[in-house]
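Chain A is the first sequence line, chain B the second, and so forth, proteins listed ahead of strands; every chain is numbered from 1.
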Amino acid sequence: MKKELPKGYDPAQVEQKWFDVWEQRGDFHADENSSKPHYSIVIPPPNVTGVLHMGHALNNTLQDILCRWKRMTGHEVLWMPGTDHAGIATQNVVEKQLAAEGNDRHALGRDAFVERVWQWREESGGQIINQLKRIGASCDWQRERFTMDEGLSKAVREVFVRLYEDKLIYRDNRLINWCPRCHTALSDLEVEHEDKQGNLWHLRYPVTGTDRYLVVATTRPETMLGDTAVAVNPEDERYQDLIGKTVLLPLVNREIPIIADDYVDMEFGSGAVKITPAHDFNDFEIGKRHSLEFINVLDESGVINENGGAYQGQERSAARKNIVADLQTQGLLEKVADYANAVGECYRCRAVIEPYMSKQWYVAVKPLAAEAIKAVETGVTKILPTQWEKTYYEWMYNIQDWCISRQIWWGHRIPAWFCDDCDEITVALDDASACKHCGSSNVRQETDVLDTWFSSALWPFSTMGWPDQTATLQKFYPTSCLVTGFDILFFWVARMMMMGIKFMDQVPFKEVYIHALVRDAQGQKMSKSKGNVIDPLIIVDEYGADAFRFTLCAFAAMGRDIKLSTERIGGYRNFVNKLWNASRFALMNLEDFDPAQADLSACKLTLADQWILDRFGRTATEVNQGLADYKFNDVASSLYSFTWHEFCDWYVELSKDDLYGEDAAARQRAQTVLYTVLEGLLRLLHPLLPFVTEEIWQTLPGKRPCVSIMQADYPLAGVVTVDAAAVARMDLLMEVIRAIRNVRGELDLPPGKRIRVVLDCKSAASVQAIEAGQAYIKSLARVETLEFGIGIEHPQQASTQVAGDVEVLLPLADLVNVAEEAARLEKEIQKQEKDVEFFRKKLSNEKFVANAPPEVLAKDRGKRTAAEEKLAILRQGLEKIQALK
RNA sequence: GGGCGAAUAGCUCAGCUGGGAGAGCGCCUGCCUUACAAGCAGGAUGUCGGGGGUUCGAGCCCCUCUUCGCCCACCA
């Protein structure tokens with residue numbers, strides 16, 4: 001059967017086809033009963049609301065490369081996929097839908113709303129899963145999990161109950177971060193601080209019983225409705241006489257004390273601070289220290305409540321405006337200054353966060369953090385690049401208790417029941433119908449749900465069936481590696497560490513590889529609002545998944561952000577096409593070839609054969625090392641230059657004479673090497689370019705031991721031992737060819753022009769090399785007649801070039817303009833003179849000679865000699881040319 | 001206020017434990033040479049941010065300055 005490939009590579013014809021085959025055949029499935037060594041990765045579960053962005057594309061491409069590599073190196077690989085229910089984000093999506101229908105969740109009721117979210121998830125959630133498949137993600141899709149599915153929910157309850165029983169989960173009434181838009185508490189991490197240009201209002205508070213004012217500065221004048229004190233520094237001489245007195249809070253007419261507290265910075269503003277314990281984290285602490293009253297003036301939507309007197313019912317920003325205006329009218333506004341300060345925003349909806357008093361559930365994380373710190377300190381888990389360890393420690397050492405309750409409806413409802421009769425709390429695995437304390441059946445379940453990150457923290461073991469002791473856990477936990485971006489180091493990685501150690505007694509992963517963020521070509525973070533988002537799927541459509549993957553890999557240098565440019569992707573699209581065409585060439589010349597009948601070890605390998613096999617072996621070694629070290633860019637660059645510059649540019653060209661020639665044995669030998677290198681190269685490239693390599697590999701002649709390239713063995717090193725001397729001879733031949741091409745190019749000899757070349761060799765070894773490789777020189781440098789030997793007679797008029805210890809002479813005859821050749825030589829000589837000068841200077845430095853290691857010295861001396869010889873030859877060449885003029 | 005990172009060819013970036021500065025794209029010259037014009041061959045291009053220091057030798061190590069970026073932090 002004749003196999004042919006189309007002239008240009010068309011990813012669309014190939015990618016979907018192979019992915020379907022792989023998936024349907026179960027090629028990605030991990031067998032927990034396998035006896036092979038395990039390798040496991042859990043995917044950072046994308047939000048069900050998510051659409052594939054560059055971050056996902058990079059993250060999953062890197063994981064896929066690792067998984068495919070490990071699969072080919074004999075590991076049983078589990079790449080666990082799934083999605084996150086993304087509590088607030090998902091609830092917001094469905095709420096928006098409801099709003100568009102003129103409806104809202106309160107009208108619908110909790111059960112109907114949750115039902116509606118599930119329905120949304122069935123219909124349009126998880127589209128990202130199919131998008132991941134488009135870039136080739138070889139997850140075990142049969143095992144796909146969801147943080148809200150039954151098994152994972154069971155794990156969540158188990159963890160909650162056990163932490164509660166260990167007194168690591170507790171309930172407390174304090175100031176929390178409240179999103180007035182989402183109507184829920186948030187953890188500290190979920191608040192993003194952004195510097196905004198605002199104002200600093202200086203307000204005058206009249207001191208009771210005097211005509212003095214105390215001036216206080218604030219960025220949030222509306223909170224003055226809840227002020228219960230004014231604080232000054234106890235050392236502040238300006239206010240000594242006022243401490244203990246009171247001021248009359250304007251607009252509210254409440255008499256509040258003037259207190260002294262170290263917290264107050266005398267240098268800032270007026271040195272007097274209004275204290276609003278119910279609406280500011282610092283003031284909260286001061287309030288506790290001084291037993292102040294906590295007056296909450298806002299409701300859960302950020303509207304002034306009944307404690308706000310005349311301002312009740314006003315939204316916070318309107319209230320601010322009105323209060324400032326009213327103070328001004330009363331002459332109590334001293335001044336308004338421009339002031340930039342960090343405003344906390346909700347990471348989901350961008351609404352400004354309110355510090356708000358409420359009763360919430362917390363995890364006391366300090367004891368868990370201690371273990372998680374130890375695991376990294378002792379190297380049980382490695383974080384790479386290592387600079388991230390510092391960030392991890394920094395956060396872990398300063399960790400605060402984690403607020404885990406959310407006042408939304410979509411999520412894991414907290415398994416706690418309040419008793420109406422005895423007020424005690426019952427926390428249980430199974431839904432409680434009676435109070436554990438008094439037996440009353442008057443129990444109501446907590447309406448709050450858990451922070452979405454609570455269930456993500458369990459991901460490495462909950463997805464494997466925990467709390468049951470499954471074979472999957474046995475085989476694949478702890479996971480080998482976690483690949484993620486630094487943006488969720490605290491949200492996710494740190495918490496998985498804590499939970500994994502606590503509940504599995506083992507770290508969740510042995511290595512954490514932190515990759516960069518993908519930015520646009522200008523280095524800006526991609527965001528919808530900036531409009532600079534590049535859609536990975538459009539890239540895949542335009543350039544193909546393989547080219548896209550290769551680009552991401554090539555950019556993924558450790559510890560650096562990635563500036564993605566489409567030009568670069570185009571370059572790698574060309575690379576894929578180059579591979580495709582080299583394969584076409586091979587296939588055309590392998591029609592009558594059967595690998596089963598061929599035996600590389602029986603072939604008398606040519607210099608070119610040995611050279612390419614040597615290069616292939618080195619490349620394989622580099623690639624394996626690079627993958628082991630997560631140096632993805634090095635891997636990409638090794639593969640790129642071997643494929644294009646060594647295999648295509650040199651070997652394919654070198655093999656043509658034998659492939660096209662009359663000599664059947666030579667042809668068979670060339671075919672064997674061509675097949676061997678190409679087939680091996682496809683395997684070597686497969687983790688990066690899964691689609692195109694499978695397509696070509698399947699088209700190769702003969703049968704291979706497995707159905708897919710992804711199950712084939714990964715090349716770990718060279719396929720044969722090569723003779724280093726042969727490789728060195730080939731290097732010399734290549735240098736000679738380059739020298740001839742250089743002269744031809746510089747002198748503008750047309751490529752069709754066949755020329756005569758004389759090679760004056762300085763050593764027998766060189767003569768031997770050229771003897772063996774004269775056909776290569778003739779063919780690749782387009783040489784008609786080639787004469788060579790030691791001290792061979794030089795042509796009368798010739799262009800001079802030097803390659804190693806070989807003087808390359810191109811008889812000029814009428815070919816060329818003498819002046820041009822003189823100019824070329826002069827340029828060449830100048831370059832050479834610099835070289836010689838460099839080494840002479842270096843080697844005449846006594847201190848260098850005295851101190852440098854002998855091998856460096858010997859190397860440099862050799863280089864000096866070679867440079868001097870080359871210079872001498874070039875000068876002679878120039879003299880002869882000038883004589884002609 | 002702490003911490004981290006970056007500054008190398010026109011652009012985007014590599015550069016391992018210090019031993020003559022690299023790639024891709026772009027640019028210039030010549031080519032449709034029977035795998036590939038998404039290509040082939042050849043070529044040009046750098047005070048490695050500034051200034052000090054250590055060293056026989058520094059893009060790399062130390063100090064300092066400048067300019068960018070990011071993360072964390074309750075100064076009103």
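- As a whole-Å value, the separation of A:E194 CD from B:C72 C1' is 15 Å.
- Here A:Y9 does not reach the OP1 or OP2 of B:G39: none of its side-chain N or O atoms lies under 4.0 Å away.
- Regarding A:Y640, its OH atom lies at a distance of 17 Å from the P atom of B:A14, rounded to whole Å.
- In this model, the phosphate group of B:A35 is not approached by any side-chain N or O of A:W644 to a distance below 4.0 Å at OP1 or OP2.
- In this structure, A:E394 reaches neither bases nor backbone, as no heavy-atom distance under 4.0 Å exists between it and the strands shown.
- When heavy atoms are screened at a 4.0 angstrom cut-off, A:H279 is found touching no nucleic acid atom at all.
- Remark: A:N742 is in phosphate contact with B:G43, judged by side-chain N or O atoms under 4.0 Å from OP1 or OP2.
- Among the atoms of the strands shown, base atoms are found under 4.0 Å from some heavy atom of A:N577.
- Using a 4.0 Å heavy-atom distance criterion, A:K274 is classed as making no nucleic acid contact.
- The side chain of A:N574 lies closest to B:A38, out of B:G43, B:A38, B:A35.
- No contact: A:T391 has no heavy atom under 4.0 Å from any strand.
- A donor N or O paired with an acceptor N or O is found under 3.5 Å between the base of B:A35 and the side-chain atoms of A:E653.
- At the heavy-atom level, A:D649 lies under 4.0 Å from the strands shown only through sugar-phosphate atoms.
- In terms of position along RNA chain B, the nucleotide closest to A:Y572 lies nearer the 5' end than the nucleotide closest to the other residue of the pair A:Y572 and A:P750.
- The interatomic distance linking A:K656 (NZ) with B:U33 (C1') rounds to 8 Å, in whole Å.
- Closest to the A:Y263 side chain, of the nucleotides B:C36, B:G5, B:A76, is B:A76.
- Closest to the side chain of A:V264, out of B:A41, B:G19, B:A76, is B:A76.
- Residues A:F490 and A:F575 each lie close to RNA chain B; by heavy-atom proximity, the contact nearer the 5' end of the strand is made by A:F575.
- Residue contacts for A:D265: at a heavy-atom cut-off of 4.0 Å it reaches a base atom on one of the strands shown.
- Here the side chain of A:R738 is nearest to one of B:G42, B:C25, B:G24, namely B:G42.
- At whole-Å resolution of the value, CZ in A:R741 and P in B:A41 are 6 Å apart.
- Not a single donor-acceptor contact under 3.5 angstrom links the side-chain atoms of A:K390 to the base of B:C4.
- Distance from the side chain of A:E746 is smallest for B:G42 among the nucleotides B:A76, B:A35, B:G42.
- Looking at heavy-atom distances under 4.0 Å, A:R782 makes contact with a base.
- When only modelled atom types and interatomic distance are considered, A:N341 and A:D195 share no side-chain donor-acceptor pair under 3.5 Å.
- A:R864 forms no cation-pi arrangement with A:F839, by the criterion of a distance under 6.0 Å to the ring centre and an angle within 45° of the ring axis.
- At the heavy-atom level, A:A850 lies nowhere under 4.0 Å from the strands shown.
- If you check every strand for non-hydrogen atoms under 4.0 Å, A:V652 touches a base.
- Of the candidate nucleotides B:C36, B:G19, B:G30, B:C36 has the atom lying nearest to any side-chain atom of A:K7.
- Distance, A:F585 CZ to B:A38 P: 21 Å, rounded to whole Å.
- Side-chain rings of A:F548 and A:Y572 stay apart, their centers remaining 6.0 Å or farther from each other.
- For the ring pair (Phe, Tyr, Trp, His ring centres under 6.0 Å) criterion with A:W395, the lone passing option out of A:F486, A:F490, A:F491 is A:F490.
- Distances from the side chain of A:F555 to the nucleotides B:G19, B:A76, B:U12 place B:U12 closest.
- We find that A:E868 and A:R840 are joined by a salt bridge, their nearest charged nitrogen and carboxylate oxygen being less than 4.0 Å apart.
- Taking 4.0 angstrom as the limit, A:H193 places none of its side-chain polar atoms (N or O) nearer than this to OP1 or OP2 of B:C75.
- Here the C1' atom of nucleotide B:G42 and the CG atom of A:L810 are 14 Å apart, to the nearest Å.
- When heavy atoms are screened at a 4.0 angstrom cut-off, A:Y392 is found touching no nucleic acid atom at all.
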